[in-house]
Structure formats: C-alpha cells, structure tokens
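Here is the structure we will look at.
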Amino acid sequence: MPNGSVYYRCILPLSLIKGAVAGRPRFNTSQGFGVEDGTAHGRYGFDTVVLKLLMHKQTPKQMEAAKKIGQRLIVDVDDYYPGLHESNLAFKSTDPSRKGWNRDHYAASILLADTVTVTTPFLHDYYTQIHPDVRLIRNGIERSLLPRRPTYNRKPVIGWMGATSWRSNDLEILRDWMPQFLEEHDLMFHHSGHHPSSPVAADLIGIPHERCSVSQMVPINRLSTLMCFDIGLVPLADIPFNHAKSNLKGLEYAISGIPYVASALPEYQRLANEGIGRVAVTPDHWIEELTALLGRRNALNESQRNYTRVKRDHTIDSHRDEWLAALT
C-alpha cells in the first residue's frame, strides 16, 4: 500500500480519470516513465506522468529523456524540503551527503517538471518564484477511507496520530501543560500510528505511561482503525516547514467524527474560519479549547458540524475540476 502522501496526492487524484494507472515507477530510455505491473518489463505508453518524492540521482536525467520523447511530467510537492527541521528524520535521510538519494536531486526534478502541483499557499508562493507552472490544489478526503466513529467515550480520550520521528519538535509544545491537564481531569492519552523505531508520544510530552495507550502504524487502507480516541490534537511548532503543511490531519479527524484542537498555523486557521476545528496559540488557550470539548454535548455538536462541512467542501470530489485541469 502507498503511504499517506502518495495516496492523497496520486492515488485519489488519478481515480478521477478513467484509465489512469498508479504504481511504482519504472523507466525505459525509449518509452520514458512507466509503472511496475508484476511483469519483467512493466507497463509503458503514458502521455502524462505524475512523479511523487523521487529523489534518486538518476531521476533528473530520466526526466530530461522522457520529455524529449514527448511525455508531460508533473511533480507533486506537499512538504517544504528546503525548510526541513533537524529533528525531523527526513532531514538526515534526504541529506545531500547521501549521494544516490537526496533532496538536492528532488529539487532538480521539480525544476524539470512541466507542471508542479502543491498543497498550500506557502508552497505555491515559494515555487512560483522558480517555476512557471505551479498549481495549488489542496488535499481532499475520501469518505470511504475514514467512516465516522459510532461512539464517544463517557470519559473522553485525548489523542494524536502520527510517527514521532517525522515531527519537528511539535509534540514538545504540549509538554508544559498536558501532563497536568490529564492528571487534573483523570484522562487517558492515546498515540495512534506509532512506529516501533520511534519514541512514543508520551515520552516527548512527558505523560506518565500509565496514562497513555498506543496503536501501531498501519497501511493506509486500515487508517480508520487508528481513529480510536475522542478529541484530536494537531500540535505544530511555529516554523516555516509547518507553515507549508496542509491541514490533512484535521480533515482526517473531522471526517472520522473527532473534534480537534490544532496549532493556529495558516491552514488550520483557515479551517477554523470555516467553522471546522479549533485552534490555539498559548498553553492557556490550548487548555481553554480542550476543556470546552470535555463536555459531551459540545463535543458531539462540534463533531457533527465538522463532519458535515468537510463532507461538503473537502472531499477529493471537491477538487475534481482542479485536478482534471492539472492532469489533463
């Protein structure tokens, strides 16, 4: 199964186009880019190709060759790699010192694309300075992937979903007040999507392990199993990398029926202005917003409002025309 960014930025958009094919990329000097199809040779013959997170040193040369034979190449960008934080695992795993696979090769591939698609205004503003055809298409949710949760615990569980190694000191912004908040209200914290090689969220926030439960990372087609808490959190450090991030986690919470509080960064402030989710800046503000959601009636009403508005305005079908214009 593809990871989250590939699913949302390739699989879902291509599902809007009859006959489109998604798969691991292959390259042939005479036919350009194709996809693996279980055979020795792969499948070729595509007029337009969307490339996602290809950072191999050969990718720019392959792109030049593919363009010469007439393929139109689109590169999708959903993170601000020039602003990677040192605490983010991707900072080391894509470092230019890794000669075969690194973010410098990725940057070169973006410049070679015929069209660049991006998820946020931050990324649009950045790439329009260096590329002539950049399309802003925000993320859309597929409702069948995340059915709405049927229950709400009498004593709500507060949760966060993600793998800690790919954060940018985000969870640490909860450290000064969250442990005490849980203690005062006698609440549990749940960490969904834990990667076995990474620290659990409780360790970064300072939550005693007896107040924290954990679910392991799962393939994208089982994402709904991670939506097993009642109030979601989206803590984000106030850095350029996070200003470039989309509001996808908030959309996933909302379509699952989970009310949430997020850091007041641009894309989450935008959702809050639409009446979807809550945002906070200071510890006191976080505490105030979370306390309001501890009331069952408040939480259920907000869950319904968030769900209805995301279903109406933020599904993949909401962005159909934008994707079709970019891809075809």
Side-chain angles (χ1 to χ4, degrees), residues 2-37 42-82 90 94 101-142 220 244-246 248 315-328:
N3 65 24
S5 66
V6 174
Y7 179 81
Y8 284 112
R9 302 301 294 179
C10 294
I11 305 298
L12 283 187
L14 290 178
S15 72
L16 302 173
I17 300 176
K18 185 178 180 179
V21 177
R24 290 182 178 273
R26 299 195 62 156
F27 181 79
N28 180 296
T29 52
S30 62
Q31 296 177 286
F33 286 100
V35 296
E36 291 184 2
D37 64 351
R43 180 174 174 178
Y44 293 90
F46 300 106
D47 300 308
T48 299
V49 177
V50 181
L51 304 176
K52 182 69 182 169
L53 287 174
L54 294 190
M55 301 188 184
H56 194 272
K57 64 181 180 180
Q58 293 298 327
T59 300
K61 294 179 181 178
Q62 292 171 346
M63 291 178 70
E64 289 174 342
K67 290 174 71 172
K68 286 180 180 178
I69 63 171
Q71 282 189 325
R72 175 172 175 252
L73 304 181
I74 300 171
V75 171
D76 181 74
V77 181
D78 66 344
D79 271 324
Y80 180 49
Y81 274 83
T94 67
W101 177 275
N102 66 54
R103 56 182 176 268
D104 280 357
H105 304 317
Y106 182 46
S109 75
I110 293 170
L111 293 178
L112 284 167
D114 295 292
T115 299
V116 178
T117 53
V118 299
T119 50
T120 63
F122 183 106
L123 292 171
H124 183 268
D125 291 347
Y126 176 78
Y127 283 105
T128 51
Q129 298 177 61
I130 57 176
H131 196 283
D133 185 11
V134 182
R135 317 286 182 93
L136 169 59
I137 311 175
R138 287 184 164 92
N139 284 320
I141 289 286
E142 173 52 56
I220 190 75
K245 289 187 76 67
S246 77
L248 181 58
T315 64
I316 187 64
D317 283 332
S318 304
H319 301 287
R320 174 184 294 273
D321 291 345
E322 297 165 278
W323 277 116
L324 292 180
L327 297 175
T328 61

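These values consider heavy atoms only, across backbone and side chains, with no hydrogens, waters or symmetry-generated copies.
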Val21 and Asp37: side chain to side chain contact (heavy atoms under 4.5 Å, CB included), yes or no, with the steps? CA-CA 10 Å; Val21 177; Asp37 64 351; over 6 Å; no
Return all side-chain donor-acceptor pairs below 3.5 angstrom for residues 59-68, not counting sequence neighbours, or 'none' if the list is empty.
from, atom 1, to, atom 2, distance (Å)
Thr59, OG1, His56, O, 3.3
Lys67, NZ, Leu112, O, 2.8

Please report the interatomic distance OG(Ser15) to OH(Tyr7), rounded to the nearest 0.5 Å. 7.5 Å
From CG (Asp104) to OG (Ser109), nearest 0.5 Å: 11.0 Å
Pairwise side chain to side chain donor-acceptor pair (under 3.5 Å) hits with a residue in residues 119-135, at least two apart: Thr115-Asp133, Asp133-Arg135
Kindly write out the residues that satisfy side-chain contact (heavy atoms from CB on, under 4.5 Å) with Ala20, not counting sequence neighbours, or none if the list is empty. Leu14, Ile17
Identify the two heavy atoms, one from [X] and one from [Y], that lie closest to each other, and give their separation to 0.1 Å.
X	Y	answer
Ala113	Val116	CB-CG2, 4.1 Å
Ile11	Ala22	CD1-CB, 3.5 Å
Tyr8	Pro13	O-CD, 3.3 Å
Ala90	Arg103	O-NH1, 3.8 Å

With sequence neighbours excluded, residues passing ring pair (Phe, Tyr, Trp, His ring centres under 6.0 Å) with Phe33: Phe27
Just to verify, what does Tyr81 make a ring pair (Phe, Tyr, Trp, His ring centres under 6.0 Å) with, not counting sequence neighbours? Tyr106
Assess the residue pair Ile137 and Val118 against the criterion (side chain to side chain contact (heavy atoms under 4.5 Å, CB included)); give the C-alpha distance rounded to whole Å, side-chain angles, the decisive distance to 0.1 Å, and a yes or no. CA-CA 6 Å; Ile137 311 175; Val118 299; over 6 Å; no
Name every donor-acceptor pair, under 3.5 Å, that has one atom in a side chain of residues 43-53 and the other anywhere in the protein, sequence neighbours excluded.
from, atom 1, to, atom 2, distance (Å)
Lys52, NZ, Asp76, OD2, 2.7
Lys52, NZ, Asp78, OD1, 3.1

Test side-chain hydrogen bond (donor to acceptor under 3.5 Å, both in side chains) applied to [X] - qualifying residues, sequence neighbours left out:
X	answer
Asn102	His105
Thr29	none
Asn3	Ser5

Check whether any side-chain heavy atom of [X] lies under 4.5 Å from a side-chain heavy atom of [Y], and answer yes or no.
X	Y	value
Asp79	Lys245	yes
Ile141	Leu248	yes
Thr117	Ile74	yes
Val35	Pro25	no

Scan residues 12-36 for pairs that pass salt bridge (charged side-chain N to carboxylate O under 4.0 Å, His left out), counting only residues two or more places apart or in two chains. none
Verdict with reasoning, Val75 to Val77, per side chain to side chain contact (heavy atoms under 4.5 Å, CB included): CA-CA 7 Å; Val75 171; Val77 181; 4.2 Å; yes
Counting only pairs under 3.5 Å, give me each side-chain donor-acceptor contact of residues 321-328, with atom names and distances, residues two or more places apart or in other chains.
from, atom 1, to, atom 2, distance (Å)
Glu322, OE1, His319, ND1, 2.7
Thr328, OG1, Leu324, O, 2.4

Asp114 vs Gln71, test: side chain to side chain contact (heavy atoms under 4.5 Å, CB included). Steps then yes/no. CA-CA 9 Å; Asp114 295 292; Gln71 282 189 325; over 6 Å; no
For Asp317, check salt bridge (Lys or Arg N to Asp or Glu O under 4.0 Å) against everything at least two apart and list the hits. Arg320
